[in-house]
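Each remark here refers to the structure printed beneath this line.
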Amino acid sequence: MATTPQPTVSARPKSGNNAQVGTLLAGAAAIMFVATLAGAYVSVRNWIGVGGDDGFIPQALKFDNYAGFMTMTSALAASLSAEWALMSSRLNQRRWATAGYGLTAFFLLAAMNVVWFIGQRSGLVASETPYAILFYALLAAMLLLLAIGVVSAIVTLIRILGGHVGGAEILHGRAANWLIHLATAGATVGFFLIYTYR
Amino acid sequence: MTLTAPTSTSPAIDAAVFGTSVDPFDAVLADDWVASVDSGRTGQLHLGLLSAVIAAASGLGVAVHGSLAGWWDLTSTNRFGLDPLFALHQNLWAVSIAMPLWIAVASMVVPRQIGATRSAFPRLGNLALWGWVVGTGLLITASLVTDGPQLVNVLSPTSATATAGQAPRATDLALAAIMLVTLATLCGAINLVATILTERAPGTKLSTLRPFSWSVLVTMGITVVTTPVFLAGTFLLYLDQHFGGQLFASGVGADRLWVHAIWLMGRPESILLAIPAVGAVADVIVHRTGQTLLGGGAANGLISAAAATSLLTWAGRELIATSSTAPYARLWNGLILLPLFLLLLLLAGSARSGLKPDVSLLGALGIVLSIVAGLGLIVAVVASPDKNIKTPLFTQLGLPNLLVFGLVLLGAFTMVVEHSGSVYGKSLPKPISTLALLAVVGGVLLSGAALSAGVFSDSTSAHAAGAIGKALIAGGAVVLLLGVLSFAKPGISTREEGGH
C-alpha cells in the first residue's frame with residue numbers, strides 16, 4: 001500500500017472559503033478572457049496600422065467620448081458603492097448595506113445601458129472591417145461582465161435582507177464584491193482600448 | 001453519505017446561491033443520477049457517456065482512415081466529401097473528449113484521495129456534466145446537418161474562413177457547441193481546483209498530495225487561465241463567421257489568433273493534457289511499490305514545472321506558413337518537454353524498487369511507451385535533413401494521437417482500473433480491465449505511430465494501420481463502458497482510499 005498518509009473524513013471548512021476561492025478562480029478566467037480580446041485588439045491594430053484610408057479604425061467612425069466615459073464612471077461608482085455596502089454590512093447597518101448594493105446594481109445597469117447605446121449608435125457593419133468584429137466582441141465582453149456584477153449585487157442584497165451576510169459573516173459579500181470590481185475592471189479596459197488607445 | 005451540520009444560518013440559500021453547504025436537499029439529490037451532488041456519481045455518469053463518445057469518435061476515425069486507405073469510398077455517399085466527418089472526429093477528440101475525460105476521472109478519484117466529503121461546488125460539477133452533454137450533442141448535430149464543408153477544425157493548423165456571408169450555417173452551431181463544451185470544461189476545472197484547495201481532510205497538506213491529485217491541481221489550475229483564451233478565440237471566430245467578417249481572413253487573425261488561441265497544438269493544452277497521465281503513472285508506481293517516489297517532493301515539483309513551461313507554447317511565434325511542425329519540432333520548443341522527460345527518469349528509478357504486479361501497470365507502460373515514441377518521432381523529424389517531411393500530416397495526425405489524446409485515454413483508463421475498487425465499491429474484473437487496457441494501449445501506439453510514420457512512407461498503408469488502431473481504441477472504450485455499466489449502482493457515496 002502507499003505510504004502516503006491516508007486522510008480521514010471530518011467536518012468541512014466553512015463555505016465562505018469556497019466562495020472566495022471559486023470567485024478568485026472565476027475572476028482569473030474572466031481576466032484571461034478579456035485579456036485575450038484586448039491582446040487581439042492590440043495585435044490586429046498594430047498589424048494593420050492606424051491612420052489612412054485602410055487604417056485599423058474606419059474613418060467614418062465618430063467616437064462619442066461622453067458615452068465611453070460615462071460607462072467607466074458608472075462602473076467605478078458601482079465599485080465604490082459596493083465597498084460602502086460591504087463596510088455597512090460589516091458594521092451590521094443592514095439598511096445602509098441594502099441601499100449600497102441597490103445603488104451598485106443601479107450603477108451597473110446604467111453602465112450596461114450605455115454600452116448597449118454605444119453598440120447601437122456606432123454604425124459599424126461587422127462584415128466590413130476586422131475592427132468591427134473586435135469592437136463588438138469587446139462590447140459583448142463588457143456587457144457580460146457587467147451583467148455578472150448586477151447578479152452578484154442583487155444576490156448579496158437578498159442575502160443581506162435575509163440576514164445571511166452581516167457582522168462577521170461577510171465572506172460571501174467579499175466574494176461578490178470581487179466580481180463587481182472585475183466588472184469595473186472590464187469596463188475600464190474596454191474604455192481604454194476603444195476610446196484612449198484606439 | 002456523511003452529512004455535516006449546516007455551517008450557515010441559511011443552508012438552503014447557501015446551497016442555492018453557492019452550492020457549498022450540505023442541506024437536506026443534498027441528501028435527496030445524492031441519490032439522484034441527474035442532479036447528484038456526489039462528485040463520484042457525477043464522474044461515473046460523465047465517464048460512461050464519455051466512453052460512448054470515445055467509441056463513436058474512434059468509429060468516425062475508422063470510417064475516414066478506411067476510406068483514405070481505399071477500403072471503401074465515403075466520398076461518393078457524402079456530397080461534402082470526408083471533410084465534415086474528419087472535422088467532427090477531430091473536434092470531438094480535441095474539445096469534447098480530452099479535457100472532459102480528465103475532469104470525469106478526477107471527479108471520481110481526487111475527492112477520495114484527499115479525503116473530501118464532497119466537491120466544493122457540486123452544482124458547478126453538474127453544470128460541467130450537462131453543459132458537456134448538450135454541447136457535444138450540438139457539435140455532432142452541426143456536423144450532421146451541415147450545408148457545406150465544415151469550417152471549424154481546432155486541430156487544423158490553418159483557419160478555413162469563408163468570404164462574407166458564405167459560411168455554412170452549421171458553422172455557427174458548431175462554434176456555439178464548442179463554446180458551450182469549453183465553458184463546461186472551465187466549470188469542471190474550477191470545481192476541481194476549489195475542491196482540492198478547500199475540501200481536503202484536516203491534516204492533509206498540499207505537499208503530501210498523491211501525485212495524481214497534484215497533477216490534477218496544477219493542470220486544472222493552469223487550465224482555468226488557458227481555457228478562456230480558447231473561449232475568447234472561438235468567440236471572435238463565431239462573430240467573424242456569423243457576420244461574414246474579415247478578422248480571420250486578414251493576416252494577423254489567420255496567423256496569430258488562430259495559431260495561439262484556437263489551434264490545439266499551438267496552445268498550452270497540448271502539453272497540459274499529458275500531465276495528469278504522467279501523474280497517473282506516478283500514482284500507480286506509488287501504489288504498486290508501497291513507497292514514496294524518489295526525491296521526495298521532486299516528482300510534484302517536476303509536474304508543476306511541466307505545467308508551467310507549457311505556457312511557453314504561447315511564446316512561439318509560428319505563423320501559418322511555418323506551423324505545420326510547430327510547436328514541437330524545434331529545439332526551443334523541445335525544452336517544454338524537458339520536465340516531463342526528467343519526470344520519466346525519476347519514475348523509472350522509483351519503479352526499480354519492485355512493483356507489485358497489476359493490470360494497471362499495463363496502462364502505465366503504455367503511457368511511457370507513447371511518450372518515448374512521440375519524443376522519438378520529434379527527434380527524427382528535427383534531425384532529418386529532408387525538410388519536405390515536415391508536412392501538416394505530422395502534427396495533424398501523428399503527434400496528437402500519441403502525445404495528446406493517446407496519453408489522455410491511457411492515463412484516464414489506467415486510473416479507472418487502478419481505483420475502481422474505491423470508486424465502484426469493488427475492483428473491475430481482471431479480464432475486462434486487461435482487455436480494455438490492451439486494446440487501448442495497442443490502438444494508441446498503432447494509430448499514433450502509423451499516422452506519424454505516414455510522412456515517411458506510403459500514406460495509404462499508414463491510413464490503413466491508423467484505421468485498425470482506432471478500431472482497437474473504440475473496442476477498448478466499449479469494453480470499459482460495458483465493464484463500468486455492470487458496476488453502476490445506486491447509493492454509491494464518498495469513500496476513503498483503500499478499496500484495493
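Every chain is numbered from 1, with letters handed out A, B, ... down the list of sequences.
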What are the two closest non-hydrogen atoms of A:Ala28 and B:Val225, and how far apart are they? CB-CG1, 4.2 Å

Per-residue contact mode, B:Leu236 against chain A (heavy atom under 4.5 angstrom): both

Side chain from CB out, backbone as N, CA, C, O: work out which of these in A:Ala26 comes under 4.5 Å of a heavy atom of chain B, or both, or neither. both

From the list A:Phe135, A:Trp47, A:Phe56, ring-ring contact (aromatic ring centres under 6.0 Å, His included) with A:Tyr41 holds only for A:Phe56

Quick one: of A:Val34, A:Leu37, A:Leu24, A:Ile31, who has the most non-hydrogen atom pairs under 4.5 Å with chain B? A:Leu37

I need the residue from B:Thr227, B:Leu186, B:Val224 with the largest number of non-hydrogen atom pairs under 4.5 Å to chain A. B:Val224

With the threshold set at 4.0 Å, does a side-chain nitrogen-carboxylate oxygen contact exist between A:Glu169 and A:Arg90? no

Determine whether a donor-acceptor pair (N or O, by modelled atom type, separation under 3.5 Å) exists between the side chain of A:Ser89 and the backbone of A:Ala85. no

Sub-3.5 Å donor-acceptor pair from the side chain of A:Ser122 to the main-chain atoms of A:Gly119, do we have one? yes

If one checks every heavy atom of B:Leu231 against chain A at 4.5 Å, the contacting part turns out to be both

